[in-house]
Number of protein chains: 2
Amino acid sequence: MRRFRSGDHRIKAGQDIFSPGARCEAIYSLTGGWAFRYALLEDGRRQILDFVLPGAVLGFHPTDGARATYGVQALTDASVCVIRRSDLVALSRELPEIGFRLAWLVSRDRSLAFDHLASLGRQSAHQRVAHLILELFIRYRAQWPGQRFEEMHLPLTQEHIGDALGLTSVHVNRVLRDLRKKGVLEFHYKRLCIHDPDKLIGIAEIDQNLLQSWMGQPALNGDVGFDLTGQKTSGETATSSKRRTSRTETRNAL
Amino acid sequence: MRRFRSGDHRIKAGQDIFSPGARCEAIYSLTGGWAFRYALLEDGRRQILDFVLPGAVLGFHPTDGARATYGVQALTDASVCVIRRSDLVALSRELPEIGFRLAWLVSRDRSLAFDHLASLGRQSAHQRVAHLILELFIRYRAQWPGQRFEEMHLPLTQEHIGDALGLTSVHVNRVLRDLRKKGVLEFHYKRLCIHDPDKLIGIAEIDQNLLQSWMGQPALNGDVGFDLTGQKTSGETATSSKRRTSRTETRNAL
DNA sequence: GCATGACGTTGATTTAGGTCAAACTACCCG
DNA sequence: CGGGTAGTTTGACCTAAATCAACGTCATGC
């Protein structure tokens with residue numbers, strides 16, 4: 001299986017893993033670090049489509065050989081494992097369940113995109129910000145359980161948040177100020193601290209159902225990992241302090 | 001293969017194929033008619049996530065046995081073919097490529113969701129309306145080639161458009177009026193007529209790349225159909241007048 | 001032929017969020 | 001240590017789209 005892995009690539013924070021318009025001849029499995037998918041509009045503005053955590057597959061596109069309509073950029077230093085498309089097909093002949101795993105992974109992305117869509121289309125700026133922060137916090141904890149309760153390193157600028165939510169960074173700043181004043185959370189220079197998770201959930205107006213769906217992600221230190229490459233993924237590569245891997249119950253978190 | 005098909009179901013326009021919060025124990029393949037996926041917010045507002053044409057798979061969710069976070073509603077009278085999840089797994093053991101086909105289908109949805117997301121987040125009302133109409137027009141023509149050039153039956157109300165684009169139906173109405181006044185298109189009681197496709201593309205600010213990605217859909221009367229169920233899908237079931245099936249080159253359409 | 005209901009159209013007014021511009025603060029690096 | 005740059009914060013003002021509300025129009029059934 002691992003004979004197909006043409007080695008890991010390391011990507012510096014801020015660099016593209018692939019850029020919009022690139023021909024897609026390989027797929028990538030993110031093995032460490034944070035990244036985001038983004039689209040560029042004609043006028044140069046950017047829309048962040050989603051944030052990507054280790055274990056995700058990047059660059060699997062509907063039409064083979066077509067040009068990517070979006071790009072992926074690393075938020076932290078990151079590493080990816082590259083698999084050529086042709087190898088993937090060959091690989092799947094030996095391991096038929098790979099197709100299903102792929103479908104499962106892509107389907108998770110789709111669900112997140114749908115949630116994001118509903119938030120963008122119908123929620124206020126406050127709701128959107130609360131929604132996004134909750135989503136990232138929960139997904140993060142599902143991957144790396146056992147963190148200190150309400151605190152995390154969130155490698156985003158306010159501009160990233162704005163670009164994800166269809167807001168200006170100026171407005172994101174004002175929303176964050178309000179949330180801070182209300183004692184809900186603090187987000188300062190990539191350090192997120194959630195003081196009142198319940199209030200945050202209240203503001204985001206998220207139902208239990210959705211919350212649940214974000215948590216249902218296989219933990220990386222467990223044995224459920226849908227890892228296309230057959231290697232266990234590690235945490236962030238850089239910017240990362242050492243972390244405990246003690247298993248905690250994440251289901252009823254918050 | 002077809003022994004797994006537990007028969008076609010017929011759905012009346014306006015009915016749900018499945019509703020938000022439903023347990024997902026089966027998946028559906030839309031075999032005829034139009035539908036849309038939608039999410040409901042706590043306050044009852046609706047966000048339409050995407051529009052679904054025959055050939056699509058509905059109800060494939062990341063977490064087995066979880067509750068759906070969105071619903072699917074028929075826009076026209078429609079028909080679906082139901083496949084139990086357990087049967088799908090069994091089926092895929094015999095036909096390994098099914099996993100891949102599934103991944104491919106879901107990946108298409110994801111791409112459309114991403115396009116939609118970028119439009120919602122960063123484009124003006126005019127651009128969004130132009131974008132959506134173009135997308136639907138192109139996808140429609142890719143499925144049923146040989147239609148009269150600029151005209152189609154689009155089974156949407158202005159409220160549907162608003163719910164898809166995060167706008168009020170009032171505002172959609174004003175945008176459509178402007179587009180009509182500018183001689184770009186007319187949309188009246190589900191009859192869409194595009195008078196100036198180039199101007200429409202200009203307003204939507206869509207790049208060639210994206211346009212191309214919408215067209216790269218297998219035509220239903222061809223032999224490329226990624227049909228999970230093994231049966232050829234037909235056109236709409238109801239509301240449909242007879243249509244020619246003559247093959248035309250859709251690649252350079254518009 | 002008229003009642004009913006869903007859908008579309010238009011105007012007056014309000015508001016959430018954008019834009020522009022000027023500090024301010026943390027952090028990096030020589 | 002000091003200067004540069006990327007990120008954050010705040011204020012004054014503006015605009016796109018929402019809201020509210022009335023009216024028009026098409027399609028159906030009795």
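Keep in mind it's a predicted model, so treat the numbers as computed, not measured. Note on naming: letters A, B, ... go to the chains in the order of the sequence lines (proteins, then strands), and numbering restarts at 1 for each one.
In summary, the aromatic rings of B:Tyr38 and B:Tyr70 are positioned with their centroids too far apart to meet the 6.0 Å limit. Between B:His153 and B:Trp34, the distance from one ring center to the other does not fall under 6.0 angstrom.
Proximity of a side-chain donor or acceptor of A:Arg180 to a complementary backbone N or O of A:Glu186 within less than 3.5 Å is not detected. Judged by distance alone, with hydrogens and angles left aside, the side-chain atoms of A:Gln158 form no donor-acceptor pair with the main-chain N or O of A:Val170 at under 3.5 Å. Here the side chain of A:Thr76 pairs no donor or acceptor atom with the backbone of A:Ala78 at under 3.5 angstrom. In this structure, A:His116 contributes its side chain and A:Ala164 its backbone to a donor-acceptor pair below 3.5 Å.
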message = Could you walk me through whether A:His171 and A:Thr168 satisfy the side chain to side chain donor-acceptor pair (under 3.5 Å) test, starting with their C-alpha distance in whole Å, then the side-chain angles of each, then the deciding distance to 0.1 Å, before giving a yes or no?
response = CA-CA 5 Å; A:His171 200 66; A:Thr168 56; 5.5 Å; no
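Helix bend of the helix from C:dG1-D:dC30 to C:dG30-D:dC1: the angle between its two end axes, each built from five pairs, comes to 40° after rounding to 10°.
Atom CD of A:Glu159 has 12 or fewer neighbouring heavy atoms from other residues, nucleotides or ligands inside a 6.0 Å radius.
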Give me the distances for all protein-to-nucleotides 13-21 of chain C N/O pairs that come in under 3.5 Å?
| residue | atom | partner | partner atom | Å |
| --- | --- | --- | --- | --- |
| C:dG17 | OP1 | A:Ala125 | N | 2.8 |
| C:dG18 | OP1 | A:Gly166 | O | 3.3 |
| C:dG18 | OP1 | A:Thr168 | N | 3.4 |
| C:dG18 | OP2 | A:Thr168 | N | 3.4 |
| C:dG18 | OP2 | A:Thr168 | OG1 | 3.1 |
| C:dT19 | O4 | A:Arg174 | NH2 | 2.9 |

N/O to N/O distances under 3.5 Å, protein versus nucleotides 2-8 of chain D:
| residue | atom | partner | partner atom | Å |
| --- | --- | --- | --- | --- |
| D:dT8 | OP2 | A:Gln158 | N | 2.9 |

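One side chain, A:Ser79 or A:Thr31, offers a donor N or O that lies under 3.5 Å from an acceptor on the other.
Note: CG (B:Asp163) to C1' (D:dA17) measures 15 Å, nearest angstrom. In this entry the distance linking CG of B:Leu154 with P of C:dC7 reads 15 Å, nearest Å. A straight line from CD of B:Glu186 to C1' of C:dG8 spans 14 Å, rounded to a whole angstrom.
Closest heavy-atom contact between A:Asp8 and A:Cys81: OD1-CB, 3.3 Å.
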